[in-house]
Amino acid sequence: MSEAFPRHVLCVLGSGLDLSEMERIAAGFGGFVLDREYSEAAPDPRMPEAFEACMAAASFDEADRAAVESHDTVGYLLSAPMMRELAADTSRRLLAATAALLRSGATAVKNESSGLTHGRNRWASLAGRAADAAGEELAIALVDAWVKRPIYDGEVLYSCGMHLLGAPEVEIEADEDQLTEDGLPRLLAHLDTLAIYLLTDPRADEIEDGAGFRMTEDSPLWSLRTGTCDRYDEDDLFFNPYGYVRLTPSE
């Protein structure tokens, strides 16, 4: 396993946003600091395109897009590099910090470490779901908040962001003709089932390459394939030191 430690890098936009106040609010949730080298009280013309590339279409409304277009301040918040056992708690606290920032003058937020954004209302809903949750309920909220999916490379659908929760990425083999209006949601449901299993079931720590896996007791058997992260370099924010677990049709 790689010795790299994942970290959150959060891009926060606003109009007239005080960067020192942003840092103060985030610090109140424990361990988040402002990257003063890249944060700037000036607009960045790349932001509209950057947010669209982070799945803005899934939850942005016109007000969210207008906020990105009209921003005049860009702040970058950093978590500390996360040990595996601390990742989920750190991600939960950063989600609460994100909601607090949006209540205090920030207008748009995206995660540079998974390439994912949400609209203001979606961020608030996710933070509310995670606030008092535990177990599977918390895992679902954190996956929805921080894990970008599905991404397709022509052979597999896969995630980006499970490293921020201390787990391998999830993948599923899929032909392009399976990515239909009915087929894609089913494949995504398989990805999510595997993701929640990896985050909540103690047996997930002992997965062996080729092990069998069922979505439910009476559903078809899949094989699990494990491997190291080879999509990104170790110094890439997307790099997952825990590798991936891939669902493949059982022989």
Fit a plane to each ring of Phe51 and Phe60, take the angle between them on a 0 to 90° scale, and name the class: parallel (under 30°), tilted (30 to 60°) or perpendicular (over 60°).
tilted
Return yes if some donor-acceptor pair links the side-chain N/O of [X] with the main-chain N/O of [Y] below 3.5 Å, else return no.
| X | Y | value |
| --- | --- | --- |
| Trp123 | His118 | yes |
| Asp18 | Ser20 | yes |
| Thr73 | Ala42 | no |
| Thr200 | Gly135 | no |
| Arg246 | Ile172 | no |
| Glu173 | Val156 | no |
| Trp146 | Ser114 | no |
| His71 | Met47 | no |
| Asp72 | Pro43 | no |
| Arg92 | Ala130 | yes |

Ion pair [X]/[Y], N-O distance below 4.0 Å:
| X | Y | value |
| --- | --- | --- |
| Asp61 | Arg120 | no |
| Glu206 | Arg203 | no |
| Arg225 | Asp209 | yes |
| Glu171 | Arg231 | yes |
| Glu169 | Arg149 | no |
| Asp64 | Arg122 | no |

Within this structure, what is the CG-CG distance for the pair Leu94 and Leu164, rounded to the nearest 0.5 Å?
9.0 Å
Hey, what do you get for CZ (Phe238) to CD (Glu112), rounding to the nearest 0.5 Å?
7.5 Å
For residues Thr180 and Asp182, is any side-chain donor paired with an opposing acceptor at under 3.5 Å?
no
Side-chain touch [X]/[Y], heavy atoms, less than 4.5 angstrom:
| X | Y | value |
| --- | --- | --- |
| Val109 | Leu13 | no |
| Phe213 | Leu194 | yes |
| Leu78 | His8 | no |
| Leu77 | Leu34 | yes |

Exceeds 12 heavy-atom contacts within 6.0 angstrom, atom [atom1] of [X]:
| X | atom1 | result |
| --- | --- | --- |
| Glu234 | CD | yes |
| Glu136 | CD | no |
| Asp132 | CG | no |

